[in-house]
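The structure under discussion appears below in the form of structure tokens.
Residue numbers begin at 1 in each chain, while the letters A, B, ... track the order of the sequences. None of these values were measured; they are calculated from a predicted model. Reckoned from all heavy atoms, side chains included, excluding hydrogens, waters and symmetry mates.
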Amino acid sequence: MVTFVLNGQERTFDGDPDTPLLWVIRDFEKLTGTKYGCGIAQCGACTVHLDGIPHRSCVTPVSMIDGSDVVTIEGVTGLEAEAIKAAWAAIDVPQCGYCQSGQIMSAVALLQMVSKPTDDDIDSAMTGNICRCATYHRIRAAIHAAANSIGG
Amino acid sequence: MANQDFGITRRSFIAGSGLLIAIALAPRALKAAQTGVPAGGGQELVPINTFVKIGADDTVTILSKHLEMGQGPFTGLATLVAEEMDADWSQMRAVHAPADNDLYANLAYGIQGTGGSTSIANSYDQIRSAGATARAMLIAAAAEEWQVPASEITIEKGRIRHSATGRESGFGAFADKAARQTPPAEPRLKRPEEFVLIGTDLPKLDTRSKIDGTAVFTIDVMPDKTLVAVVAHPDHFGATVKSFDDGEARKVQGVVDVRQVPSGVAVYADDTFAAIKGRDLLHVEWDLSKAETRSSEEIAADYVRRFSEAGIVATDEGNVDEAFDMAGVQTVEAEIIFPFLAHAPMEPLDAVFVKASDGSLDIYTGAQFPAMDREVAAEVLGMQQSQVRLNTQLTGGAFGRKAQFGSPYMQEAASVYAAIGSQRPLKHMWTREDDIRGGYYRPMYAHKMRGAINRNGEITGWDQVIVGQSIMGKVDLDDTSVEGASNLPYAIPNIKVTSHNVELAVPPLWWRSVGHTHTGFAVETFVDELLSKVGRDPVEGRLALLAGKPRHTGVLRRAAEMADWGATVPEGRARGIAVVESFHTFVAQVVEVSVDPEGIPRVHKVWCAVDCGLAINPNVIKAQMEGGIGYGLGAVLFDAVTLGTGGKVVQSNFHDYRSIRINEMPEVVVEIIKSSQRPTGVGEPGLPPIGPAVANAWRSLTGTPVRQLPIVNIVAT
Ligand code: FES
Ligand code: FES
């Protein structure tokens, strides 16, 4: 039995301990904002915050997260999250949208760690997130805009 | 429409479903996403006509006959309706229309379908008429209710007014009454100078739900007790199941059943992980007797051998043989090899089947051809089509992958559902491995180019041979193999273009911009080489060959101006340019390139000029140019699906089928040429110029022409 906190609520899981957190979140907790894209930590569509750090939930066995705090796109809040979402909306970043939960989770974590990220910071924080629609150009612009909006 | 327009036809974007899909954008999206169960019904909407519904809360919901897969038809089509209804943008909503080949046909090709960058182009008059009709009916309803002449009623930003009596109302109050009015025979459409919304940047309708995680894609549809099924597919195209051992697979906690299906062996489980784990533990013996066992290298060698055989003539102008035989003529030659490409949309293929208590069936899927998918599913399941509802979902990309004649994906999904015969809902999904290895690729092609330069330094002959699979399965000329080459825009007096259709067990499919993915590259790199052989500048040389082609020259000139073509570029960098017309849209791109530490092109910046006729939503157009550039650049730099020795697919996931990433994405600047021509598509046309523009810059930087894609391979060897 694994016990963890998901978006502020205590949850338990007593199925196959090998089950990746991604499928626990989606199939068992029915939170569908977190997406499957590759299953091998290559695309970032499944990115969640695990104790505040972005993780690829598709390669994180649920057995490893006992006692951890998990935040998904449905539960991400705070100054940085609000700024990122507002910037994303202002310039219409998403195209198909399928990668965007993961992009946003990575971007929020970046802003939480680096308040004024440079282009290099953005490259290193965001290269793990593939966008097949190639919205990268706008993702970069939105992260800068979000950082500026907080910096005031 | 002509062949060229059928090319137009198929792929980029499309259509959808009805009530269930309303979840995509309506307020109940949140609930739907939390439970993962598609909502039905919801707030009552009054249908005014085939494309427009009005809610009591004044919302206007358009039924999009085209699939929203990121290319923007929800926003674009809603803009056209809002314009003619004089609605306020904030009241607009969009859902997918139901599957129906009659009501929701793509007027460019006669069945319901999204593809060929046609969504706006084919809907432009039709959906504006739907909006204008709805407006006229609202006015008639208000005139009746208020007992005033219709001619005195105005609508502005969604408010219906009669100024003399001071009456005012929203749309909702008149929805029922409007629906009962006789529609005008010929609704008056606005003249372009009256447009208020068209041509402005409106926030996209689907942005919000794609930011907060509430957007519902097919993979998110999961009613209670849904079974998840994945299929073990062969590593070779054309292989079939000989035998299998499912002993280990059945021991996996959560695995419910294992069944053989026509395409392989299906594992059914209570959750996704159990299904995948069970599949990993299957032992399947495959029968390779009918399989493709040649490698990509062997196939390419075979293609090259075909160059010397007589092909199907696509274009024959002037006399090419004489042009090359003329005394003093210099002949330039090139052979270019293009690999198989997977589409790799972010959301792999998936479909959900839910049986209703009356025995009818709901299918949820991202369909570029929804009515065809429904027909195929009904056939496989032995049901009447009227008993099957195909609910088109928001789709995590497609790029052509979800538009297949005969719906082979739906055949597999429906066969998997049929094989277990369970009353439980079922989700069939492909993993990324299935997606990369599953075929329906942009085919391999080989081009042989020959150019004749006479002693005056004029380009007098162009001879192009194209070898590859016919996407349309033709024995005679397949326009999708030669589009962009057979209609070469350059004024060269002697032109011959021939093609060879090759048969392989690897299933082919259109891939964002179809024939232009390779013809654009071959034509634009080769013309660039010929121009440099005769000492002409790439821009000025092209312009000289494009007399009488104002839209080509318009974008070419503009892109060159934007980039300040001819200005000195920083040390270690070079520029390239290309111009391609595809799907009646004209795009020119200038790129600036250096050599990155990996030894491959690093693209710093792209200047892009696009002429797509009247711009409906400039923001969406720019986004599609950016997206087409990124998707195309990733492919020319990195991507190939390769058949290894024995015919087995080499790649399997994003670690070896490499996607472009944020650090590799150039800065992109887009300008839209002002135009009053009818609007044309933008989903695909941003793609064709990027590859040749990069290759041209690379040749100018390094002296090495690109003869084989992806570029990363030639650098490595
Ligand atoms: S699904 Fe986890 S990184 Fe791709
Ligand atoms: S928006 Fe489509 S994959 Fe990123």
State whether [X] and [Y] are salt-bridged, where the test is any N-O pair (Lys NZ or Arg NE/NH1/NH2 against Asp/Glu carboxylate O) under 4.0 Å.
{"X": "A:Lys30", "Y": "B:Asp220", "value": "no"}
{"X": "A:Asp123", "Y": "B:Arg661", "value": "no"}
{"X": "B:Lys251", "Y": "B:Glu248", "value": "yes"}

Proximal component of B:Glu626, with respect to chain A [non-hydrogen, under 4.5 Å]: both
Atom group of B:Thr395 that falls short of 4.5 Å from chain A, counting heavy atoms: backbone
Could you check which of [options] has the highest count of heavy-atom pairs closer than 4.5 Å to chain B?
{"options": "A:Asp92, A:Asp27, A:Ile73", "result": "A:Asp92"}
{"options": "A:Ala141, A:Gly15, A:Pro20, A:Cys43", "result": "A:Pro20"}
{"options": "A:Thr34, A:Ile84, A:Asp18", "result": "A:Asp18"}
{"options": "A:Cys38, A:Ser101, A:Cys133", "result": "A:Cys38"}

Side chain to side chain contact (heavy atoms under 4.5 Å, CB included) evaluation trace for B:Leu394 with A:Tyr98: CA-CA 9 Å; B:Leu394 286 179; A:Tyr98 193 83; over 6 Å; no
[X], part contacting chain B, at a heavy-atom distance under 4.5 Å:
{"X": "A:Ile130", "value": "both"}
{"X": "A:Asp120", "value": "neither"}
{"X": "A:Tyr36", "value": "both"}
{"X": "A:Arg26", "value": "both"}
{"X": "A:Thr127", "value": "both"}

With respect to chain A, which residue among [options] yields the maximal number of heavy-atom pairs within a distance under 4.5 Å?
{"options": "B:Ile660, B:Leu633, B:Val252", "answer": "B:Ile660"}
{"options": "B:His343, B:Gln253, B:Glu667", "answer": "B:Gln253"}
{"options": "B:Pro345, B:Gly627, B:Gly630", "answer": "B:Gly627"}
{"options": "B:Gly72, B:Gly634, B:Ala344", "answer": "B:Ala344"}
{"options": "B:Met665, B:Glu664, B:Glu433, B:Met346", "answer": "B:Met346"}
{"options": "B:Thr272, B:Ile436, B:Thr431, B:Asp271", "answer": "B:Thr272"}

Taking every non-hydrogen atom, the tightest pair across A:Gln100 and A:Val93: OE1-CG1, 3.6 Å
B:Trp607 side chain to B:Gln589 side chain, donor-acceptor N/O pair below 3.5 angstrom: no
Residue pair B:Trp511, B:Tyr631: steps toward the ring pair (Phe, Tyr, Trp, His ring centres under 6.0 Å) verdict: CA-CA 11 Å; B:Trp511 186 101; B:Tyr631 190 80; 4.9 Å; yes
B:Ser652/B:Arg432 under side chain to side chain donor-acceptor pair (under 3.5 Å): CA gap, chis, key distance, verdict: CA-CA 7 Å; B:Ser652 63; B:Arg432 179 60 60 197; over 6 Å; no
Residue pair A:Arg11 / A:Val5, side-chain heavy-atom distance below 4.5 Å: no
Full working for salt bridge (Lys or Arg N to Asp or Glu O under 4.0 Å) between A:Asp16 and B:Lys277: CA-CA 11 Å; A:Asp16 184 342; B:Lys277 187 171 176 181; 2.7 Å; yes
Within 6.0 angstrom of B:Arg602 CZ, more than 12 heavy atoms from elsewhere: yes
